[in-house]
Enquirer: 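One structure, pasted below without further comment.
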Amino acid sequence: MTISKRQTSMRTHMCGEIGTSDIGQTVTVCGWVAKRREHGDKLAFVDLRDYSGIVQCVIDNAVDVRSEYVVKITGVVRPRPEGTVNVNLSTGEVEIGECVVEVLRSAEPPPFPVDARADDVDENVRLQYRYIDIRRERMQKNLRTRAKVNSAVRTAMESQGFVEVETPMLVPSTPEGAREFLVPSRKEPGSFYALPQSPQLFKQLLMVAGIDRYYQIARCLRDEDLRADRQYEFMQLDAEMSFVNQDDVLAAISTAVIAAAESVTGVKPDPIQQITWREAMERFGVDKPDLRFGMELTELTSIFSSTEFKAFAGAESIKGIRVEGKAEEFGRNKLDALTDRAKKMGAKGLVWLKVATDGTLESPVVKFLSADEQSQLISSLQAKAGDLLLIVADEWSMTCEVLGTLRNDLGRPPVHQGPYRYVWVTEFPLFVGVDKETGQPKPGHHPFCQPHPDDLDKFESDPMSVRSLAYDLVLNGWELGSGSIRIHEPEMQRRVFTALGISEDEANRKFGFFLKPFTYGAPPHGGFAFGLDRLVAILAGEENIREVIAFPKTQSGQDPMTNAPTRAENKQLDELGIRVLPPKV
RNA sequence: GGUCUCGUGGUGAAGUUGGAGUUCACGCCGGCCUGUCAAGCCGGAGGUCGCGGGUUCGAGUCCCGUCGGGACCGCCA
């Protein structure tokens, strides 16, 4: 026996799908009472809700049904009397009359309105009663959007020959990376599994294992502080491919992302453009540029090559942004706040100039700038009367970073506001910064990432300038995910470990179980993973991934509905060989 | 770990230089009502102002601490 998408033995129609074409039919609908309006002994209106929408049922007022009662209503679809059509309701041209009402279950009054008004309710209360919150249109839509994305991604991956393989949730703890959740072993007290931060190790081993193209919609867990775009557990499209170069991986993932976006918006996004990490930093000051607005960083270093102004003289990099028409709006307080922000990020200072109505510059520092410098500044930034100009002179990375942050602060629209601008950022540096303790370079992505073939000659002489075959996918300034071509040759891996200051002993100790399989014939391979929660949130028009997760945790990592995490029973702890320390005072 | 911010009947808010748990809307309970639709009218119930101290004749309001929510920084190879 098969069952239809909607019809069951208890109902013939969905509430929100009843329309004029059903007029005259006897229908049975099931759902929750959204609203009851009483009009004397014999007449009452009941708005019945299921996930598809709301339909008005005309009932005998003697029937006692109240908010959120679960009922089954059988009646005849009929057009509404003239003048009583409700244009705000998809079913507003019809109603169900001659109703027989069966109460399947009574209900307590809900703690908050089960409609858009609950958008203003304290999120903690919504989470405490999440099963009611999810009855609302917004949550129904978001969770169904999520399902559409998952489905589109699966279809796209499978159509490209990827094989879904499930990897374990109980894995060994790995020394690098994010803090892990640990799971105690009962059979071996004192030993622990970790919950996976990602299936990284396993998917690369699947390449050694000849799976060729692997994907998984994988749950990943990281015990790091939560944010609007971060939860302890989150879902990724995780993929890995053999015998590929970077373009192959980008093409495969682009196909999946574009399919996901199209499944939700109905519009197929343009091919995803690419920029290098260097260019992203030069133009936008961040490695996850938001391409929806301009205000790009303008290169000014050469203008001030022989300047008298001490703050600019000898600076490695001088850049500026033009904040269009904001000169008047930014008084002393706001400018001081911007300067503070820049200094907190480590900049020596922030220079601001305003363009007056006569086109001249106004600023405390203008007297230090030559007429030539001033005019070049105005022309380079294409400054016009009423503009505010912000300039930073510092080391290249600091200059970019500070202005990039100010650009986002001053110009960035909410993340979900269209248009959707996807971009691949490629050629990330292989090493980023230096470990404070060891003085050795730190991996930009992870230590198994393939260096850029054009930079191999600089590997030992100038490691910090070596690019990698690592890439990020960015949407509207949100990092969706990242990936790389991996190292598959032990010689190259040794060079990278050496540059990182990891000895052969240490490498074998930390990564042995991972490195050994590579000696048995590892194909060239690369992969990618991107966060589905973030993609769904943006496509659903939400600013917070909690809105697209059925049962999320609060910022402190708790679930107000289940009260997790809870204290373990002594009996359980005994069995696991665990003793809990008294709370720190 | 840090910065900022919020906490007042079930929900959302207002609450003035510190002066009685005061107010508004929704919801809830009861009554009226035959065309409403986030119905309308009448009546009613419902709060340890997150919690604990302090200042004061007097604290929702001021101070200190604490708990909880949120945003951000650190962190997230």
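Heavy atoms only: backbone and side chains are in, while hydrogens, waters and symmetry mates are out. First the proteins, then the strands, lettered A, B, ... as listed; each starts at 1.
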Enquirer: Please report the distance separating the C1' of B:A38 from the corresponding atom of B:A20, rounded so that it comes out in whole Å.
Expert: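 Those two atoms are separated by 36 Å.
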Enquirer: Across all strands shown, which nucleotide pairs with B:C76 by Watson-Crick or G-U wobble geometry, both distances under 3.5 Å?
Expert: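 Pair assignment: B:C76 / none.
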Enquirer: Considering only the C1' atoms, how many Å lie between B:C37 and B:U23, rounded to the nearest integer?
Expert: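 To the nearest whole Å, 29 Å.
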Enquirer: Round to a whole Å and report the spacing from CD of A:Glu108 to P of B:U11.
Expert: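 Taking CD of A:Glu108 and P of B:U11, I get 15 Å after rounding.
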Enquirer: Considering only atom C1', compute the distance from B:U16 to B:C33 and round it to an integer number of Å.
Expert: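 About 42 Å, rounded to a whole number of Å.
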Enquirer: Pick the C1' atom in B:G74 and in B:U3, then give their distance to the nearest Å.
Expert: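 11 Å, rounded to whole Å.
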Enquirer: If I take atom CG from residue A:Leu48 and atom SG from residue A:Cys30, how far apart are they, to the nearest 0.5 angstrom?
Expert: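 If I round to the nearest 0.5 Å, the distance is 8.0 Å.
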Enquirer: With rounding to the closest Å, how many angstrom separate the C1' atoms on B:G68 and B:G30?
Expert: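 Going atom to atom, C1' in each nucleotide, I get 37 Å.
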Enquirer: Is there a side-chain polar atom (N or O) of A:Gln555 under 4.0 Å from OP1 or OP2 of B:A71?
Expert: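 Affirmative; the distance criterion is met.
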Enquirer: Would you say B:C75 has OP1 or OP2 under 4.0 Å from some side-chain N or O of A:Arg227?
Expert: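 Looking at the OP1 and OP2 atoms of B:C75, neither is under 4.0 Å from any side-chain N or O of A:Arg227.
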Enquirer: Looking just at side-chain N and O atoms, do A:Asp50 and A:Ser52 make a donor-acceptor pair shorter than 3.5 Å?
Expert: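 Yes, side-chain donor-acceptor contact under 3.5 Å.
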Enquirer: Could you check how far CG of A:Asp409 sits from P of B:C72, rounded to whole Å?
Expert: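 Distance check: A:Asp409 CG to B:C72 P gives 12 Å.
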Enquirer: Does the pair A:Arg126/A:Asp133 count as a salt bridge with the N-to-O cut at 4.0 Å?
Expert: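 A salt bridge is present here (some side-chain N lies under 4.0 Å from a carboxylate O).
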Enquirer: Without decimals, in angstroms, what is the distance between A:Asp225 CG and B:C73 C1'?
Expert: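 Distance check: A:Asp225 CG to B:C73 C1' gives 11 Å.
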Enquirer: Let me spell it out: for each of A:Asp115 and A:Asn544, pick the nucleotide of RNA chain B with the closest heavy atom. Which residue's pick is nearer the 5' end?
Expert: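 First, find each residue's nearest nucleotide; the 5'-ward one identifies A:Asp115.
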Enquirer: What is the base-pairing partner of B:C4, counting Watson-Crick and G-U wobble geometry with both distances under 3.5 Å?
Expert: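 The base-pairing partner of B:C4, which may sit in any strand shown, is B:G70.
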Enquirer: Distance check, C1' atoms only: B:G10 and B:G46, in whole angstrom units.
Expert: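 To the nearest whole Å, 9 Å.
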Enquirer: Against the six-membered ring of A:Phe234, is A:Arg534 placed for a cation-pi contact (under 6.0 Å from the centre, within 45° of the normal)?
Expert: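 Judged by the rule, A:Arg534 and A:Phe234 form no cation-pi pair.
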Enquirer: Which nucleotide, if any, forms a Watson-Crick or G-U wobble pair with B:G19, using both distances under 3.5 Å?
Expert: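 Across all strands, the one nucleotide that pairs with B:G19 is B:C57.
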Enquirer: Which one is paired to B:G40, where only Watson-Crick or G-U wobble pairs with both distances under 3.5 angstrom count?
Expert: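 Its partner is B:C32.
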Enquirer: Report the distance from atom CZ of A:Arg412 to atom C1' of B:C72, rounded to the nearest whole Å.
Expert: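 In whole Å, B:C72 C1' and A:Arg412 CZ are 13 Å from each other.
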Enquirer: Is any side-chain nitrogen or oxygen of A:Asn61 closer than 4.0 Å to OP1 or OP2 of B:C32?
Expert: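 So the side-chain polar atoms of A:Asn61 never come under 4.0 Å of the phosphate oxygens OP1 or OP2 of B:C32.
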Enquirer: Quiz question: going by heavy-atom distance under 3.5 Å, is there a donor-acceptor pair between the base of B:U36 and the side chain of A:Gln56?
Expert: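 Looking at the base of B:U36, it does pair with a donor or acceptor on the side chain of A:Gln56 (distance under 3.5 Å).
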Enquirer: What I'd like to find out is whether the side chain of A:Asp119 reaches to under 4.5 Å of the side chain of A:Arg136, using heavy atoms alone.
Expert: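 SC-SC contact between A:Asp119 and A:Arg136 confirmed.
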Enquirer: Do the side-chain N or O atoms of A:Gln558 get closer than 4.0 angstrom to the phosphate oxygens (OP1, OP2) of B:G69?
Expert: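 For A:Gln558, the contact criterion (side-chain N or O under 4.0 Å from OP1 or OP2 of B:G69) is met.
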Enquirer: Between A:Glu38 (CD) and B:C28 (P), how many Å, whole number?
Expert: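 Answer to the nearest Å: 10 Å.
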Enquirer: Check the distance between B:C26's P and A:Asp119's CG and give it to me in whole angstrom.
Expert: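 Computing the A:Asp119:CG to B:C26:P distance gives 19 Å.
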Enquirer: Using distance alone, with no hydrogens and no angle criterion, decide if A:Gln231 and A:Asp533 have a side-chain donor and acceptor under 3.5 Å apart.
Expert: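 There is no such pair between these side chains.
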Enquirer: CZ of A:Phe112 versus C1' of B:G27: gap in Å, rounded?
Expert: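 Those two atoms, CZ and C1', are 13 Å apart.
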Enquirer: Kindly confirm whether the side-chain ring of A:Phe45 is stacked on the base of B:U36, judged by centres under 5.5 Å and planes under 30°.
Expert: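 Yes, aromatic ring over the base.
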Enquirer: Using a 4.0 Å heavy-atom cut-off, does A:Pro111 contact any base of the nucleic acid, only the sugar-phosphate backbone, or nothing at all?
Expert: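 It contacts sugar-phosphate atoms only.
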Enquirer: Tell whether A:Glu95 reaches the base of B:G35 with its side chain through a donor-acceptor pair below 3.5 angstrom.
Expert: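 Result: at least one qualifying N/O pair found.
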Enquirer: So, under a plain 3.5 Å distance rule, would you say the side chain of A:Arg80 forms a donor-acceptor pair with the base of B:U36?
Expert: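 Answer yes: a donor N or O sits under 3.5 Å from an acceptor.
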Enquirer: Give me the ring orientation class for A:Tyr131 and A:Tyr129: parallel if the planes are under 30° apart, tilted from 30 to 60°, perpendicular past 60°.
Expert: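 Rings of A:Tyr131 and A:Tyr129: perpendicular, over 60°.
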Enquirer: Report yes if at least one side-chain N or O of A:Thr84 is closer than 4.0 Å to OP1 or OP2 of B:U36; otherwise report no.
Expert: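 Indeed not, no polar side-chain atom of A:Thr84 lies that close.
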Enquirer: For the side chain of A:Arg222 and the base of B:C76, is some donor closer than 3.5 Å to an acceptor across the two?
Expert: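 It does not, because no donor-acceptor pair links the side chain of A:Arg222 to the base of B:C76 below 3.5 Å.
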Enquirer: Select base, sugar-phosphate, or nothing to describe what A:Ala118 touches, counting heavy atoms under 4.0 Å on all strands.
Expert: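 Since no nucleic acid heavy atom lies under 4.0 Å of A:Ala118, the category is nothing.
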Enquirer: Roughly how many Å apart are B:G21 and B:G58, using the C1' atom of each and rounding to a whole number?
Expert: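 Going atom to atom, C1' in each nucleotide, I get 15 Å.
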Enquirer: Separation of A:Ile545 atom CD1 from B:A71 atom P, in whole Å?
Expert: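 Rounding to the nearest Å, CD1 of A:Ile545 and P of B:A71 are 10 Å apart.
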Enquirer: Looking at B:G30, I'd like to know if its phosphate oxygens (OP1 or OP2) sit under 4.0 Å from a side-chain N or O belonging to A:Arg66.
Expert: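 Answer yes for this pair, as a side-chain N or O of A:Arg66 is under 4.0 Å from OP1 or OP2.
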Enquirer: Touch check for A:Asn86, heavy atoms < 4.0 angstrom, all strands: base, sugar-phosphate only, or nothing?
Expert: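 Base contact - A:Asn86 has a heavy atom under 4.0 Å of at least one base atom.
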Enquirer: Report yes if a side-chain nitrogen or oxygen of A:Arg37 is closer than 4.0 Å to either non-bridging phosphate oxygen (OP1 or OP2) of B:A39; otherwise report no.
Expert: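 For B:A39, OP1 or OP2 has a side-chain N or O of A:Arg37 closer than 4.0 Å.
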Enquirer: For B:C49, what is the paired nucleotide under Watson-Crick or G-U wobble rules, both distances under 3.5 Å?
Expert: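 None - no nucleotide pairs with B:C49, as no candidate has both distances under 3.5 Å.
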Enquirer: Which part of the nucleic acid, if any, lies within contact of A:Gly444, taking any heavy atom under 4.0 Å across all strands shown: a base, the sugar-phosphate backbone alone, or nothing?
Expert: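 Sugar-phosphate only.
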Enquirer: Can you find a side chain N or O atom of A:Arg546 that sits less than 4.0 Å from OP1 or OP2 on B:A71?
Expert: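 Yes, because at least one side-chain N or O of A:Arg546 sits under 4.0 Å from OP1 or OP2 of B:A71.
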Enquirer: Side chain of A:His39 only, heavy atoms from C-beta on: which candidate in B:G70, B:G68, B:U34 is closest?
Expert: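 Per side-chain heavy atoms of A:His39, the pick is B:U34.
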Enquirer: Checking A:His525 against A:Phe448 for the ring pair (Phe, Tyr, Trp, His ring centres under 6.0 Å) test, could you report, in this order, the C-alpha distance in whole Å, the side-chain angles of both residues, the deciding distance, and whether it holds?
Expert: CA-CA 11 Å; A:His525 63 286; A:Phe448 313 111; over 10 Å; no
Enquirer: Look only at the side chain of A:Ser173 and the backbone of A:Ala194, and say whether a donor-acceptor pair between them is shorter than 3.5 Å.
Expert: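 Between the backbone of A:Ala194 and the side chain of A:Ser173 there is no qualifying donor-acceptor contact (under 3.5 Å).
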Enquirer: Quick check on B:G27: is either OP1 or OP2 less than 4.0 Å from any side-chain nitrogen or oxygen of A:Ser67?
Expert: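 It does not, given that no N or O in the side chain of A:Ser67 lies less than 4.0 Å from OP1 or OP2 of B:G27.
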Enquirer: Could you measure between the two P atoms, the one in B:C26 and the one in B:C63, and give it in whole Å?
Expert: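 Approximately 35 Å lies between the P atom of B:C26 and that of B:C63.
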Enquirer: Applying a 4.0 Å non-hydrogen cut-off, can you work out what A:Arg534 is touching in the nucleic acid: base, sugar-phosphate, or nothing?
Expert: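 Nothing: the residue A:Arg534, judged by heavy atoms under 4.0 Å, touches no strand.
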Enquirer: Looking at B:A39, I'd like to know if its phosphate oxygens (OP1 or OP2) sit under 4.0 Å from a side-chain N or O belonging to A:Lys35.
Expert: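 True: A:Lys35 side-chain N/O within range (under 4.0 Å) of B:A39 OP1/OP2.
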